[in-house]
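As the structure is a prediction and not an experimental result, all values here were calculated from the model. The first residue in the sequence is number 1, and the count goes up from there.
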Amino acid sequence: MFGTYNEFKGELTAETLKLKSFNGVLGRGETEGVITWVANDQSRFELNYRGIFDIDLSTKFDDGSKADLRLGAEVEVEYVN
């Protein structure tokens, strides 16, 4: 993010934002955020309104299970595209 800070008002005004999208990423990566959508069959979920992740037979859960995926849950995701 790039912007200006007005110290008298205590305001930060963003001029440029760079949002990370996960759908076009090649290779491996790691991110964390809040679940903003979950498919009815819990086969996919969206993170931070920006990236949709598929859940398949190779998906591993460290703390919990697929049944724990719900709106507002904070998760850490290691992904391979």
* To do: Return the minimal non-hydrogen interatomic distance between G64 and D68, and the atom names on each side.
  => CA-OD2, 3.1 Å
* May I ask you to decide if R44's main-chain N or O and D54's side chain share a donor-acceptor pair within less than 3.5 Å? => no
* Is there a path from F61 to V77 through hydrophobic residues (I, L, V, M, F, W, Y) whose side chains come within less than 4.5 Å of each other? -> yes
* For the atom pair CD (E78) and CZ (R28), what is the distance rounded to the nearest 0.5 Å? -> 8.5 Å
* Asked: Are more than 12 heavy atoms from other residues, nucleotides or ligands located less than 6.0 Å from atom CG of D63?
  -> no
* Straight-line distance of T36 OG1 to E46 CD, nearest 0.5 Å -> 3.5 Å
* Measuring from I55:CD1 to K60:NZ, what's the distance to the nearest 0.5 Å? -> 15.0 Å
* Take V75 and L47 through the test side chain to side chain contact (heavy atoms under 4.5 Å, CB included) and record every step on the way to the result. => CA-CA 9 Å; V75 296; L47 191 64; 3.7 Å; yes
* To do: Kindly give the heavy-atom pair with the smallest separation between T59 and D56, and that separation in Å.
  => OG1-N, 2.9 Å
* To do: Could you grab the distance from atom OG1 of T4 to atom CG of L12, nearest 0.5 Å is fine?
  => 7.0 Å
* Structure fact -> To the nearest 0.5 Å, atom CZ of F53 lies from atom OG1 of T31 at 6.5 Å
* To do: Can you see which heavy atom on E32 is nearest to which on N48, and at what distance?
  => O-ND2, 3.5 Å
* Asked: In Å, rounded to the nearest 0.5 Å, how long is the span from CZ of R50 to CD1 of I52?
  -> 13.0 Å
* Do other residues, nucleotides or ligands put more than 12 heavy atoms under 6.0 Å from the OH atom of Y5? -> yes
